Amino acid sequence: MSSPTTKGGGGGGKTSTPLQRVPHTKPPFTLGEIKKAIPPHCFNRSLLRSFSYVVYDLAIAAALYYIATSYIPLLPSTYHLLAWAAYWTLQGCVCTGVWVVAHECGHHAFSDHQWVDDAVGLVLHSALLVPYFSWKYSHRRHHSNTGSLERDEVFVPKQKSQIPWYSKYLNNPPGRFMTLFVTLTLGWPLYLAFNVSGRPYDRFACHFDPYGPIYNNRERLQIFISDVGVLAVLCLLYKVAVAKGLAWIVCVYGVPLLIVNGFLVLITFLQHTHPSLPHYDSSEWDWLRGALATVDRDYGVLNKVFHNITDTHVAHHLFSTMPHYHAMEATKAIKPILGKYYQFDGTPFYKAMWREAKECLYVDPDESSQEKGVYWYKNKF
């Protein structure tokens, strides 16, 4: 397996160097020591500043909508597809930023008021057909169990003995392309509806089922509320489709939503899938080592569009209630403490996506290691 590379270790030099495996032993620092390295103001949540990102993102989305619907029809027909493609790409990226703000709400990182966070998150996520509370609770469990092969909630890798028989026939460029295409287009709705790539449960698990095994009795009412939010938006979309036509809905809303979903899956996949990252079974896992088994990535200008969820993910897993607008400062502060436990990979995301799909097929312990509870990504059948 080839060594992954990083450019500059998060903004330093320009040369590529091998990215070594994350140390898997218990770190020589505590969570409290990491927190002390971060300026205290980084943990302050400003309602006004948080809302400014909502207004900013929605204003750009509204402007893109106005330009597309007002001026694309005026272009010569030969330019329609190109113009719509530009709109889809830009709107999909901007709405991914909206998704990230709602994600902040789910972590209680938007304001000091839980009801404000939940109200804003419910509206924004419902508009993107995400069941807000359903995702909030399953995502919280992901943060509580990151890196655990038994209890993590999303992108839980399989051991070699568990992978399907047909996997080896997909381990080639055409198979890899098909796998990535299905993952990026259908992965998010399949996860919500059927728990695909999620933690295995002893019965059917679905984010829309209030009585499913993902949720406890105290959470069930809010799962109903999430479902109502998604259904309300679907009803609105149906009425608009009746008035404007299905093609209009697909062009204005449907394709940008596909791009949002694709970026969401890709971002999460690349944050938790890397040849350098370990996973642990119950004999080795602890919360801090699991939280450190993530990697920051570089999406170029999209880092800002996505509110730095891409390049501050390690800090986010350590302190998930920290607002995104302080995460860059916090990341710089904790890197000297984390040392080799901090991972950054500057490989362009489209190259990293292909590489990880090729090299990270399953996890198993190293044969020569005495630590059988530590699992690493492998790709040899």
Side-chain angles (χ1 to χ4, degrees), residues 24 106 130-131 133-171 175 178-180 182-220 222-223 226-227 261 264-275 277-287 289-291 293-294 317 320 356-357 359-365 371-379 381:
H24 61 272
V130 178
F133 289 109
S134 309
W135 168 85
K136 170 183 171 178
Y137 291 127
S138 68
H139 189 66
R140 178 182 295 174
R141 293 184 178 97
H142 158 63
H143 272 258
S144 298
N145 299 284
T146 306
S148 168
L149 288 175
E150 290 97 348
R151 298 187 303 276
D152 201 353
E153 285 286 343
V154 65
F155 280 115
V156 183
K158 290 180 169 57
Q159 298 178 46
K160 186 176 182 179
S161 60
Q162 299 171 329
I163 59 176
W165 62 269
Y166 54 80
S167 295
K168 61 182 179 181
Y169 299 107
L170 297 175
N171 189 25
M178 183 179 71
T179 301
L180 284 171
V182 172
T183 300
L184 295 180
T185 55
L186 300 178
W188 177 240
L190 288 175
Y191 169 66
L192 291 179
F194 304 105
N195 197 40
V196 172
S197 84
R199 167 188 170 183
Y201 287 92
D202 56 2
R203 58 191 178 92
F204 178 71
C206 171
H207 278 72
F208 299 99
D209 180 8
Y211 297 98
I214 301 176
Y215 309 109
N216 59 45
N217 290 331
R218 292 180 300 173
E219 298 164 348
R220 304 200 193 285
Q222 291 179 309
I223 310 309
S226 297
D227 292 348
N261 293 346
L264 167 62
V265 171
L266 177 62
I267 290 168
T268 308
F269 171 69
L270 290 182
Q271 286 167 340
H272 296 282
T273 308
H274 195 284
L277 298 180
H279 283 74
Y280 305 95
D281 67 16
S282 57
S283 69
E284 286 283 346
W285 182 87
D286 62 65
W287 183 87
R289 280 193 288 174
T294 60
H317 259 273
S320 59
E356 266 58 298
E359 298 191 356
C360 302
L361 301 184
Y362 61 88
V363 293
D364 263 345
E371 297 161 322
K372 298 303 181 183
V374 181
Y375 292 72
W376 300 98
Y377 279 109
K378 302 179 187 294
N379 68 347
F381 287 97

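Everything quoted here is computed from the prediction, not taken from an experiment.
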Is [X] reaching over with its side chain to a backbone N or O of [Y], donor-acceptor style, under 3.5 angstrom?
X: Arg289; Y: Glu284; answer: yes
X: Glu150; Y: Ser282; answer: yes
X: Arg199; Y: Val156; answer: no
X: Gln162; Y: Gln159; answer: yes
X: Arg151; Y: Asn145; answer: no
X: Asp152; Y: Gly147; answer: yes
X: Tyr280; Y: Asp286; answer: no
X: Thr146; Y: His142; answer: yes
X: Thr273; Y: Leu270; answer: no

Under the ring pair (Phe, Tyr, Trp, His ring centres under 6.0 Å) test, which residues partner Phe269, sequence neighbours left out?
Phe155
Of all residues at least two apart in sequence or in a different chain, which pass the salt bridge (Lys or Arg N to Asp or Glu O under 4.0 Å) check with Glu219?
Arg141
For a quick test of reading the model, state the closest non-hydrogen atom pair linking [X] to [Y] and the distance between them.
X: Asp281; Y: Lys372; value: OD2-O, 3.9 Å
X: Ile223; Y: Ser134; value: CG2-OG, 3.4 Å
X: Ala205; Y: Asn195; value: O-CB, 3.6 Å
X: Gln271; Y: Leu277; value: O-CD1, 3.9 Å
X: Pro275; Y: Glu359; value: CG-OE1, 3.4 Å
X: Leu184; Y: Leu266; value: CD2-CB, 3.9 Å

Rounded at 0.5 Å granularity, tell me how far [atom1] in [X] sits from [atom2] in [Y].
X: Lys158; Y: Ser197; atom1: NZ; atom2: OG; value: 8.0 Å
X: Leu149; Y: Tyr375; atom1: CG; atom2: OH; value: 6.5 Å
X: Asp209; Y: Phe204; atom1: CG; atom2: CZ; value: 7.5 Å

Step by step, work out the side chain to side chain contact (heavy atoms under 4.5 Å, CB included) result for Trp165 and Ser167.
CA-CA 6 Å; Trp165 62 269; Ser167 295; over 6 Å; no
I want to check something: taking the side chain as every heavy atom from C-beta on, are [X] and [Y] in contact at a cut-off of under 4.5 Å?
X: Ile214; Y: Tyr201; answer: yes
X: His274; Y: Glu356; answer: yes
X: Ile163; Y: Leu361; answer: no
X: Pro210; Y: Asp227; answer: yes
X: Trp188; Y: Val130; answer: yes
X: Pro157; Y: Tyr377; answer: yes

Under 6.0 Å from the OH atom of Tyr211, do we count more than 12 heavy atoms belonging to anything else shown?
no
Just jot down the side-chain hydrogen bond (donor to acceptor under 3.5 Å, both in side chains) partners of His143, sequence neighbours excluded, or say none.
His107, His139, His316
Of Trp135, Phe194, Phe133, Tyr191, which is the lone residue that meets ring pair (Phe, Tyr, Trp, His ring centres under 6.0 Å) with His207?
Tyr191
In terms of ring plane angle, is the pair Tyr362 and Phe381 parallel, tilted or perpendicular, where the classes change at 30° and 60°?
tilted
Hey, are Ser148 and His279 close enough side-chain-wise for a donor-acceptor pair under 3.5 Å?
no
